[in-house]
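In what follows, a structure is listed as structure tokens, so that the remarks can point back to it.
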Amino acid sequence: MKVRVRFAPSPTGFLHIGGARTALFNWLYARHTGGTFILRIEDTDAARNTQQAVEVILQGLRWLGLYWDEGPLTSDATGPYKGERGPYFQSQRREFYQRRVEALLARGLAYEHEGAVKFRMPREPITIHDLVVGEVVRKLTDREELDPDFVIQRSDGQPVFHLTNVVDDLEMGITHVIRGEDHLSNTAKHIALFRAFGVEPPKYAHIPLILNPDGTKMSKRDRGASLTTYMEEGFLPEALVNYLCLLGWSPKDNREKIPLAEVIERFDLSQILRHNARFDFEKLLWLQGEYCRELPDDRFYELSVHALAKAGIDTNRFDLRYVKAALDTCKGKIKVFSELPAYGGFYFRDDITYDPEAAKQHFTPENKPRLQKLRDAFARAEPFDAPTLEATLKATAAELGVKPAVLVHPVRLACTGRTAGPSLYHLMEVLGREKTLQRLDRALATF
RNA sequence: GACCCUAUCGUCUAGUGGUUAGGACACCACCCUUUCACGGUGGCGGCCCGGGUUCGAAUCCCGGUAGGGUCGCCA
């Protein structure tokens, strides 16, 4: 039997990082087995769902590279879709639910209650054979003992999650339900529903949740909870995907950075860990740095220009060769593109503001004549390239009887306004003689 | 309150009865070095607790504790 899995988010306006991982694991399993990955939008809560909220999900999944084999083609619920089992928006599937509710009603497996329809839930414990968690025997809670039956259709006629979820999984021929562990307790209800419809439930795999660094539940407003922030901060999808693979799954050979193709090859549900994982932002950042450093130049330029533009720095005003040369000195140094404006923005503006703390330390009366002497040496340096500038600076330092570092810091501060940045000699070469001397003169005039 | 899941360095993990408990991130030190990164070397640091089973338990069983989840006319 061909594997059919689905990611079934509710359009709430954001895509939770845990949801992204759920999508990833579904996608990985589909790719591993040669199965079908389906995207289904659970937009039954009409009041809350907007097309824009759907767009967030589609864009997020596309950004991650998790393309679906069946599902919507656009965020329009009534719009086109691919796949034989559509539509893939629950809001467009009313008749499926209606028909199923009527069937249950007709067979006495459901009944009306105050205008709503309730399902007759079995009183006996239900055993869930979970591919990740193992065998789980779910008993009724004390509140459920009082009334085990649950609403499947609201008094306004709208179907409820448990019903729509099960009906769609059934109609869409889902073979494996891979979802967050927060649904484990609900699974007994779903199994009971499947049985009431006279079919075998799909296989279940409940994956552990992603928690905040402090171990608490990661909710909407927690840092890093929304996929959008990673997109906006300039993370690379391949880095985030790699990191997410390592949360609850392991290649078991001590590797951290692992090509997605290999994950697909080795991934299996039985290897998924059973415990929740805390989100380690630092480790993601490290992986991000690894991927960022190895980026092909063209993609690095493209993402850099975009990040700079977002910070109000228009690189189009500069010669393309200058822009590329400038960015080359930043590559391998920054980890996330959101760092770039602060790190390499000085290439693209002349109104350098000096780090006050550093200015106090390096723009001293003692350093002024030294910097002046170096400035004059730079004015004569020929050619104006990194090796010559380095030799010039070191020779000047020797003449002055100081260590090169004594000159390096004030020069860097004058050119960039900061104490950390790209290689000093290379950044001066990129700036060129004119700008470099201008900046040194400007700095010399401030103290 | 009830039900369910989980428990290895701070964090992510390897480990399935016999290991000096391995790796990665982070942290610290040193090296490299024009700053910062990168890289290299070394270091710090862990089997939640208590019972059992066994010659032997991180590993199996039971109990506790802790964390997480669920019990909705939200999904």
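Just so you know, these numbers use all the heavy atoms, side chains as well, and skip hydrogens, waters and symmetry mates. Letters A, B, ... are given to chains in the order of the sequence lines, protein chains preceding strands, and every chain is numbered from 1. Worth saying up front: this structure is predicted, and the values here are computed from it rather than measured.
Here the P atom of nucleotide B:C5 and the CD1 atom of A:I126 are 15 Å apart, to the nearest Å. Between the C1' atom of B:A24 and the CG atom of A:L244 lies a distance of 17 Å, rounded to the nearest Å. Atom P of nucleotide B:A75 and atom CZ of A:F7 are separated by 16 Å, given to the nearest angstrom. Rounded to a whole Å, the CD atom of A:E282 is 17 Å from the P atom of B:G10. The distance between atom CD1 of A:I210 and atom P of B:C5, rounded to the nearest whole Å, is 22 Å. Per the geometry, OH belonging to A:Y243 stands 11 Å off C1' belonging to B:A24, to the nearest Å. Spacing between atom CG of A:L211 and atom P of B:G68 amounts to 7 Å, rounded to whole angstrom units. Summarising the geometry, the separation between CZ on A:R179 and P on B:C5 is reported as 16 Å, rounded to the nearest angstrom.
A donor-acceptor pair under 3.5 Å is absent between the side-chain atoms of A:N276 and the main chain of A:P208, judged by distance alone. At distances below 3.5 Å, at least one donor-acceptor pair connects side-chain atoms of A:D149 with backbone N or O atoms of A:M121. In this structure, the side chain of A:Q288 engages the main chain of A:K335 through a donor-acceptor pair within 3.5 Å.
The partner of B:A2, taking Watson-Crick or G-U wobble pairs whose two distances both stay under 3.5 Å, is B:U70. As the counterpart of B:A21, no nucleotide is assigned, since no Watson-Crick or G-U wobble pattern has both distances under 3.5 Å. Judged by Watson-Crick or G-U wobble contacts below 3.5 Å, the nucleotide B:U34 has no partner. Both distances falling under 3.5 Å, in either a Watson-Crick or a G-U wobble arrangement, occur for no nucleotide opposite B:A57.
In this structure, the ring of A:Y425 has its center no less than 6.0 angstrom from the ring center of A:F384. Taking the six-membered ring wherever Trp is involved, the centroid distance between the rings of A:F161 and A:H183 falls below 6.0 Å. Annotation: A:Y230 is not in aromatic contact with A:Y243 [ring centroid separation under 6.0 Å not met]. A:F363 has its ring centre less than 6.0 Å from the ring centre of A:Y354. Taking the six-membered ring for Trp, A:H129 and A:Y204 have ring centres at least 6.0 Å apart. A:F25 and A:F267 have their aromatic ring centers within a separation under 6.0 angstrom.
Of the candidates B:A14, B:C71, B:U11, the closest approach to any side-chain atom of A:K189 belongs to B:C71. Considering only side-chain atoms of A:K139, the nucleotide from B:C73, B:C4, B:G1 that sits closest is B:C4. Of the candidates B:A2, B:U6, B:U11, B:A2 carries the atom nearest the A:T141 side chain, counting heavy atoms from C-beta on. Of the candidates B:U6, B:G68, B:A75, B:A75 carries the atom nearest the A:T44 side chain, counting heavy atoms from C-beta on. Of the candidate nucleotides B:C4, B:G23, B:G68, B:G68 has the atom nearest to the side chain of A:L209.
Within the nucleic acid shown, A:D280 comes within 4.0 Å of at least one base atom, counting heavy atoms only. Among the heavy atoms of the strands lying under 4.0 Å from A:H183 is at least one base atom, whether or not backbone atoms are also near. Looking at heavy-atom distances under 4.0 Å, A:V137 makes contact with sugar-phosphate atoms alone, never a base. When heavy atoms are screened at a 4.0 angstrom cut-off, A:Q153 is found touching no nucleic acid atom at all. Residue contacts shown for A:D182 are limited to sugar-phosphate atoms, with no base heavy atom under 4.0 Å away. As judged by a 4.0 angstrom heavy-atom cut-off over every strand, A:L273 is placed among residues touching the sugar-phosphate backbone only. Contacts of A:G248 with the nucleic acid, taken as non-hydrogen atoms under 4.0 Å apart, involve only primed sugar atoms and P, OP1 or OP2. If you check every strand for non-hydrogen atoms under 4.0 Å, A:E42 touches sugar and phosphate atoms only.
Taking side-chain N and O atoms only, A:R154 has a distance below 4.0 Å to OP1 or OP2 of B:C74. OP1 or OP2 of B:G72 has at least one side-chain nitrogen or oxygen of A:R143 nearer than 4.0 Å. In terms of phosphate contacts, A:H275 brings a side-chain nitrogen or oxygen within less than 4.0 Å of OP1 or OP2 of B:U13. OP1 or OP2 of B:A75 has not a single side-chain nitrogen or oxygen of A:T164 nearer than 4.0 Å. Contact check, A:R255 against B:C25: no side-chain N or O comes under 4.0 Å of OP1 or OP2.
Between B:C27 and B:C36, the distance separating the two P atoms is 14 Å to the nearest Å. Rounded to the nearest Å, the gap between the C1' atom of B:C25 and that of B:C62 is 37 Å. Across B:C74 and B:C61, the matching P atoms stand 41 Å from one another, rounded to whole Å. For B:U8 and B:U59, the C1' atoms lie 11 Å apart once the distance is rounded to whole Å. Taking atom C1' in both B:G50 and B:G45, one finds a spacing of 25 Å when rounded to whole Å. One C1' atom belongs to B:U19, the other to B:G68, and the distance between them is 32 Å to the nearest Å. Comparing the same atom, C1', in B:G72 and in B:G10 gives a spacing of 38 Å after rounding to whole Å. Only the P atoms considered, B:A37 is 11 Å distant from B:A26, to the nearest whole Å.
On a pure distance criterion of 3.5 Å, no polar donor-acceptor pair joins the side chain of A:K252 and the base of B:A14.
For the residue pair A:Q361 / A:E357, no side-chain donor-acceptor distance below 3.5 Å is found, with atom types taken as modelled.
For the pair A:W249 and A:S185, nearest-nucleotide mapping onto RNA chain B gives the more 5' position to A:W249. Sequence order on RNA chain B of the closest nucleotides to A:V132 and A:V160 puts A:V132 first from the 5' end.
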Can you give each donor-acceptor pair under 3.5 Å made by side-chain atoms of residues 394-409 of chain A, sequence neighbours left out, with the distance rounded to 0.1 Å?
{"unit_1": "A:K394", "atom_1": "NZ", "unit_2": "A:E390", "atom_2": "OE2", "d": "2.7"}
{"unit_1": "A:T396", "atom_1": "OG1", "unit_2": "A:T392", "atom_2": "O", "d": "2.7"}
{"unit_1": "A:E399", "atom_1": "OE1", "unit_2": "A:K373", "atom_2": "NZ", "d": "3.0"}

Footprint string (nucleotides 33-50 of chain B, 5' to 3'): B base within contact, S backbone only, - free, heavy atoms under 4.0 Å
-BBBBSS-----------

